[in-house]
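Report on the following structure.
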Amino acid sequence: MADDNTTHFGYQTVRKEEKADRVADVFHSVASRYDLMNDLMSGGIHRIWKKFTIELSGVRTGNTVLDIAGGTGDLTAKFARIVGPEGKVVLADINDSMLKVGRDKLTDKGIVGNVQYTQADAQYLPFPDNSFDCITIAFGLRNVTDKDLALAAMLRVLKPGGRLLVLEFSKPQNKLLEKAYDTYSFRLLPLMGKLVTSDAESYRYLAESIRMHPDQD
């Protein structure tokens, strides 16, 4: 059980100061195949979730958007096209490997000029108060050591009336679905990770991190 000085890294209990480095190692390992694995793991459904997020965001031309834990830039790319040259999107990630993959991908797509790349910890965002019209964090909150601290930082830099959208996995409500989900998460995910990225352990951690994240309530 975690105390004030410890936290969860998947099913392991680790000291709080260790978690960020451990999470960094996971994403350094999977960065180059991250997009491929997202498509394989979700059957492409993550793209529908992200499209829904864009629709809910209310982002318009000229807005300023922060995409935290933005990784390979899926949401950033879509926001950059919406805000146009008058707006700005900041792709922020604590992991420099993921940030590099995102920068390269967006540059290859010709998305330049209105995107800024910032290596940043979600708990300590290096931006002034009331800076952004919209903030998103997709499948990244469960990897943060102190979630309350990160959410407070996001609200600090969000403009009054702005929108914060958090995408995250949770626990199935149906018992039969939960059993199938567990089988998929703990048997098939690590196997796919091993075959595609030669790294089963990172995907075992990702499955465990979903289970340790707070449920819907």
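Just so it is clear, the model here is predicted, and its values are computed rather than measured.
Clustering ILVMFWY residues whenever any of their side-chain heavy atoms sit less than 4.5 angstrom apart, transitively, puts Leu167 in a cluster other than the one holding Val144. Put simply, Phe139 and Ile135 are part of two different groups of oily side chains (I, L, V, M, F, W, Y) that touch within less than 4.5 Å, one to the next. Put simply, Val90 and Leu158 are part of the same group of oily side chains (I, L, V, M, F, W, Y) that touch within less than 4.5 Å, one to the next. Both Val157 and Leu141 are part of a single hydrophobic cluster, where members link through side-chain heavy atoms under 4.5 Å apart. Under a hydrophobic clustering in which Ile, Leu, Val, Met, Phe, Trp and Tyr are joined whenever their side-chain heavy atoms come within less than 4.5 Å, directly or via other members, Leu155 and Phe127 fall into the same cluster.
Smallest separation of non-hydrogen atoms from Leu165 and Ser57: CD1-CA, 3.8 Å. The shortest heavy-atom contact between Ala80 and Val115 is CB-CG2, 3.8 Å. Heavy atoms only, all atoms of each residue included: Ala92 and Leu66 are closest at CB-CD1, 4.0 Å. Taking each heavy atom of Arg142 and Lys19 in turn, the nearest pair found is O-NZ, 3.5 Å. Contact detail for Ile137 and Met154: the closest heavy-atom pair is CD1-CE, 3.8 Å. The two residues Thr72 and Lys105 make their nearest non-hydrogen contact at O-CE, 2.7 Å.
Between the side chain of Gln123 and the main chain of Asp146, a donor-acceptor pair closer than 3.5 Å is present. Checking side-chain atoms of Asp93 against main-chain N and O of Gly71 turns up a donor-acceptor pair under 3.5 Å.
Between Val59 and Ile54 there is no side-chain heavy-atom pair separated by less than 4.5 Å. Considering only heavy atoms from C-beta on, Val83 stays 4.5 Å or farther from Asp133 through its side chain. Between Leu151 and Leu164 there is a side-chain heavy-atom pair separated by less than 4.5 Å.
Here the CG atom belonging to Asp104 is positioned 10.0 Å from the CG atom belonging to Leu99, to the nearest 0.5 angstrom. Atom NZ of Lys147 and atom CD of Glu168 lie 8.5 Å apart (nearest 0.5 Å). To the nearest 0.5 Å, the span separating CG on Asp74 from CG on Leu106 amounts to 9.0 Å. Expressed to the nearest 0.5 Å, how far OG1 of Thr76 lies from NZ of Lys78 amounts to 10.0 Å. For the atom pair CZ (Arg103) and CE (Met98), the distance works out to 13.0 Å, reported to the nearest 0.5 Å. Rounding to the nearest 0.5 Å gives a distance of 10.0 Å between OG1 of Thr118 and CG of Leu125.
Just one of Leu91, Ile68, Val89, Asp67 meets the side chain to side chain contact (heavy atoms under 4.5 Å, CB included) condition when paired with Leu75; it is Asp67.
Between Asp96 and Lys100 there is no salt bridge, since no side-chain N of the basic residue sits under 4.0 Å from a carboxylate O of the acidic one.
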Determine, stepwise, if the pair Asn5 / Arg15 fulfils side chain to side chain contact (heavy atoms under 4.5 Å, CB included). CA-CA 6 Å; Asn5 297 313; Arg15 296 189 65 79; 4.2 Å; yes
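Around the CZ atom of Arg156, the shell of radius 6.0 Å holds more than 12 heavy atoms that belong to other residues, nucleotides or ligands.
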